[in-house]
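Below: one structure, written as structure tokens.
Every chain is numbered from 1 and lettered A, B, ... according to where its sequence line falls, protein lines coming before strand lines.
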Amino acid sequence: MTPDQFIAKWQATTLKERSAAQEHFIDLCRLLNEPTPAEIDPNGEFYCFERGAKKTTGSDGWADVWKRNCFGWEYKGKRKNLNEAFVQLHRYAPALGNPPLLIVSDMEHIIIHTAFNGTVPDKHQLALNDLRDPAQLRLLKWAFTEPERLRPTLTTAELTEKAARQFGELAQTLCERGHDTTQVAHFCQQILFCFFAEDIGLLPNQLFSKLLEIGQQRLEHLPATLTNLFNTMATGGFFGNDPVDWFNGGLFDAATPLPLNRADVVTLRELAQLNWSAIEPSILGTLFERGLDPNQREQLGAHYTDPASIMRLVNPVVLEPLRAEWRTQQTAIAALLEKVAGLKSKADKAIATANTTALTTEAANKVGKVRTDASNAEAKAKKQIEKRCRDFLMRLQNFRIIDPACGSGNFLLLALRGLKDLEHEVILDAERLGLPASFPKVGPENVLGIELNAYAAELARVTVWIGEIQWMLNHGFSLAKNPILKKINIIDQRDAVVNADGAEPHWPAADVIVGNPPFLGGSKKRSVLGDDYFSTLETIYAGRISGGADFVTYWFEKARMQIEIGKAKAAGLVSTNSIRGGANRKVLERICATTTIFNAWSDEPWINSGAAVRVSLICFGNTKLKPVLNGEAVAEIYADLTGINNETKADLTTAKSLKENSGACIRGLAKVGQFDVPGDLARQWLNLPNAHGKSNLDVLKPWANGMDIARRSSDNWLIDYGNSLSENQAAFYEAPFEYVLEHVKAQREAQRDEKRKTYWWRLGRSGIEIRTALNPLARYIATPMVAKHRLFVWLDKRVFPDQQLIVIARADDTTFGILHSHFHEIWALRMGTSLGATPRYTPTTTFETFPFPIGLTPADTGGAIETLDSGAVIPTVAAEYQDNAKAIAEAVFQLNQLREEWLNPPEWIERQPEVVAGYLDRILPKPEYAAKLKKRTLTNLYNEHPASLANAHRQLDLAVAAAYGWENDAAEFNEAEILQRLLALNLARNSRK
DNA sequence: TATCCGACAAGGA
DNA sequence: TCCTTGTCGGATA
């Protein structure tokens with residue numbers, strides 16, 4: 001068929017819809033050279049007419065034509081309302097698998113609506129004559145074959161971003177003119193809602209745009225006109241000749257438009273051009289960011305959660321359990337239908353038999369009874385099915401979701417959308433079962449929020465309502481009007497964890513709790529929240545939350561409590577990832593004690609402008625769902641957000657501190673002040689005489705922090721006046737004293753700690769323990785507290801360890817080897833915490849719990865040491881462990897040598913004696929190798945992980961495995977197995993207390 | 001006085 | 001400027 005033939009035929013035709021539609025479509029297929037449904041899909045599985053039609057009643061289907069992943073197509077008779085057809089398609093889109101294109105046609109026109117997820121909807125209109133245009137014809141062909149080509153380029157996110165940027169700038173200029181921030185925010189939201197209302201047709205005749213157009217010319221009348229409009233929207237009525245609906249909802253209660261200048265109106269008119277109906281309300285939170293003061297901006301930014309993360313909580317907490325409930329109902333309904341079908345076929349058979357034979361009265365009665373039974377059963381089943389559907393819809397209608405830190409309402413918006421989608425699916429399922437179509441009842445009433453920030457709370461209200469209205473329109477439902485925004489107290493503007501009167505606030509009962517409460521580290525709480533607030537928190541939550549825990553844990557504890565007292569079933573909350581360790585973990589331990597963590601993401605990057613943070617997403621409560629950790633099924637989720645996916649379980653949180661390990665692992669010293677000086681300066685000072693004749697060497701020593709180990713030594717020295725020198729005595733060491741006076745004193749006198757104020761020339765902490773522990777040793781083991789790789793190194797006793805170093809006060813290679821083995825590495829990774837994504841070594845939970853091989857524990861290695869011929873140093877241990885000690889020491893000695901050679905290749909460096917006799921040689925690069933040497937850091941070595949290094953580690957691991965008595969299967973160990981064995985050893989030993 | 005943390009912070013490419 | 005990688009000192013226990 002040619003375009004001309006097609007046009008000629010369908011211009012002339014006057015057939016009514018039903019009879020003509022299929023013929024029209026088939027002709028179109030011929031025109032486009034596309035197969036018809038019958039030609040390629042006789043069973044109607046992916047391409048058919050009358051999709052969703054019930055064969056029994058012959059009623060309308062969901063769409064006149066349907067092609068999976070391409071389109072739903074609805075016909076209307078000539079010049080009938082095509083919009084109606086579009087509404088119907090919209091409504092049934094979920095049942096059609098949400099095709100990307102929704103096409104309506106009256107046979108003279110074809111209108112293609114795009115419906116791609118997350119894009120601004122687009123519309124292509126083709127009249128009959130357009131089919132002569134090859135480009136238009138191609139467009140139509142794509143609808144059949146490559147619908148992706150019709151995907152609009154503008155995503156809703158881009159649109160919203162554009163809108164947000166311009167609106168933000170406007171808000172900012174208004175604030176700069178001295179208007180109150182809250183007023184600006186309120187005003188902007190009123191305008192925003194007007195844009196939205198206009199573009200979805202709630203405000204008639206482009207009323208708002210016209211108002212702006214006139215306003216641009218007669219600026220002086222604009223505020224009064226806007227007041228008039230907002231007042232009309234608040235009550236409903238007429239604005240000029242245009243009827244205006246009753247909007248209500250608090251948004252237009254206070255009509256206080258701010259004065260605008262010509263430039264503002266120009267900006268607003270540009271904004272009015274955008275398609276506000278497709279605005280993504282979940283991004284509204286960022287909308288006015290630039291216009292707000294820095295304080296509020298931070299709070300809002302902090303509350304912003306990206307949709308993918310929100311759904312990671314909303315799905316398991318809200319939607320999956322409800323879907324499971326509905327599946328149960330569906331199974332029951334299917335069983336009922338089957339039973340009825342069975343009875344019916346029995347009746348049919350009886351009747352068929354009866355028809356072929358002459359019946360006795362008795363037999364006739366019997367047939368009658370079978371028939372009555374079948375129809376009774378059918379009626380009964382229908383009632384039951386109806387009841388099940390009705391009950392479940394009622395359950396959805398009554399489902400309540402609370403977000404006790406709702407911010408601008410993103411969680412509530414997405415939860416509401418999810419719930420509405422689910423309700424819609426259920427309604428369609430019910431229709432398929434022959435029940436009458438029902439109107440969706442899930443709405444803003446289903447969500448509740450608590451939010452302290454007045455501005456965010458208001459934004460949340462608008463967000464939820466826009467979401468509701470968009471959903472209704474996008475699914476072909478008309479809006480409930482009079483008023484349009486119901487006055488529902490969705491958002492409670494108050495503090496969620498402390499009442500104004502100092503009592504614990506009440507959270508309303510709800511089915512589930514979701515949200516992203518604010519994070520604030522334990523040691524920052526007092527300074528940020530204030531002393532009063534802080535002490536109230538302590539009083540209210542005494543015995544439940546420790547003072548050192550993050551602010552976020554109060555929301556977790558309250559949610560746990562709500563579940564415990566039956567005021568909620570489950571909760572899904574976002575937290576900083578450090579909730580997995582330290583004082584914060586306590587709250588998860590309480591949660592595990594009274595309910596279960598059933599879904600968690602333990603350590604996820606956080607997409608949020610400016611916030612460098614990683615988070616844990618945690619769902620807990622009473623549910624029948626199987627535990628899922630990081631997207632994988634597990635047997636159980638522990639308080640540290642780990643779990644093991646097999647029969648063997650190892651809850652590492654039960655590991656205890658071991659007596660035999662105490663006292664060996666000490667943290668370096670906190671300077672509290674700039675006591676570190678460049679090596680060159682220190683060397684100058686070493687050559688300077690002092691009036692009292694003593695060398696500055698008394699108070700100067702090389703210094704190392706984490707960076708000196710993970711990267712190359714920075715050659716810094718430390719001014720250390722020890723714990724006994726008075727200010728006068730210290731002053732005799734003139735040059736260092738001058739330095740401390742200039743760089744440290746002022747800062748120290750500003751401290752809260754009295755001792756630090758008084759003894760400002762001394763280091764921040766006395767370091768008695770570490771000084772004593774290191775005193776008898778020639779060298780010690782150190783590891784950076786925070787580092788990508790778990791590195792251990794030897795440091796000379798004369799090098800002073802910074803607090804960022806964890807020191808193990810042992811000089812033997814055996815201890816060094818055990819610590820550097822894979823066994824301890826795995827233990828450390830699992831038992832320690834992290835800063836962002838970087839692992840952190842925590843002595844109490846990592847070192848003190850680590851079970852060293854028997855006979856080689858820190859308690860055994862603290863005595864005399866002996867240097868072997870190879871150079872390796874071994875401790876004096878009981879005779880039966882001597883060989884193990886030696887093997888480990890030799891292996892790690894080799895490893896260390898290899899590393900040293902890589903770090904400082906002899907041909908690249910020069911060793912120069914230190915200016916002070918008896919000190920370590922300095923390692924200086926030969927000039928031509930300086931750049932290369934810079935890259936020789938331990939972190940880089942372990943990043944590259946050359947085979948020689950891997951092999952040396954392997955030898956070490958074998959020696960350590962032998963000491964554990966695991967030499968035969970060491971190669972096959974997996975992490976879980978190692979952890980389990982180590983935990984068993986830990987639990988079998990004497991705890992510290 | 002020991003320990004832990006940072007809705008991070010700062011150095012390097 | 002992004003990307004990598006671990007400071008420093010407050011505050012609780």
Euclidean distance for [atom1], [N] against [M] (whole angstrom):
N     : M      : atom1 : result
C/dG9 : B/dG11 : P     : 14 Å
B/dT3 : B/dA7  : P     : 23 Å
B/dC4 : B/dC8  : P     : 22 Å

Aromatic ring centroids of A/Phe551 and A/Phe534 under 6.0 Å? no
So, A/Phe737 versus A/Tyr739, ring centres under 6.0 angstrom or not? no
No-H, no-angle donor-acceptor pair, A/Arg711 side chain to B/dG12 base, under 3.5 Å: no
Within the modelled atom types, does a donor on one side and an acceptor on the other bring the side chain of A/Asn577 and the base of B/dA7 under 3.5 Å apart? no
Can you check the [X] [atom1] to [N] [atom2] distance for me, whole Å?
X        : N      : atom1 : atom2 : result
A/Trp760 : C/dG9  : CH2   : P     : 16 Å
A/Phe551 : C/dG10 : CZ    : P     : 22 Å
A/Arg667 : B/dA2  : CZ    : P     : 12 Å
A/Gln674 : C/dG9  : CD    : C1'   : 14 Å
A/Leu763 : B/dA2  : CG    : P     : 14 Å
A/Leu718 : C/dC8  : CG    : C1'   : 14 Å

Please tell me which of the listed nucleotides, [options], lies nearest to the side chain of [X]?
X        : options              : answer
A/Thr576 : C/dC8, B/dA7, B/dG6  : B/dG6
A/Arg840 : B/dC4, C/dT12, B/dG6 : B/dG6
A/Phe534 : B/dT3, C/dC8, C/dT12 : C/dT12

Return the 5'-most residue of the pair A/His789, A/Lys524 with respect to DNA chain C, ranking by each residue's nearest nucleotide. A/His789
Taking OP1 and OP2 of [N], is either one under 4.0 Å from a side-chain nitrogen or oxygen of [X]?
X        : N     : result
A/Thr833 : B/dC5 : yes
A/Asn943 : C/dT5 : yes
A/Lys788 : C/dG6 : no

Salt-bridge test for [X] and [Y]: reply yes if a basic N is under 4.0 Å from a carboxylate O, no otherwise.
X        : Y        : value
A/Glu557 : A/Arg544 : yes
A/Arg667 : A/Asp802 : no
A/Lys558 : A/Glu504 : yes
A/Arg494 : A/Glu451 : no

Hey, does the Lys NZ or Arg CZ of A/Lys745 hover above the aromatic six-ring of A/Trp760, less than 6.0 Å from the centre and inside 45° of the axis? yes
Where are the stems of DNA chain B, defined as at least 3 consecutive Watson-Crick or wobble G-U pairs with both distances under 3.5 Å? B:1-6 with C:8-13, B:8-13 with C:1-6
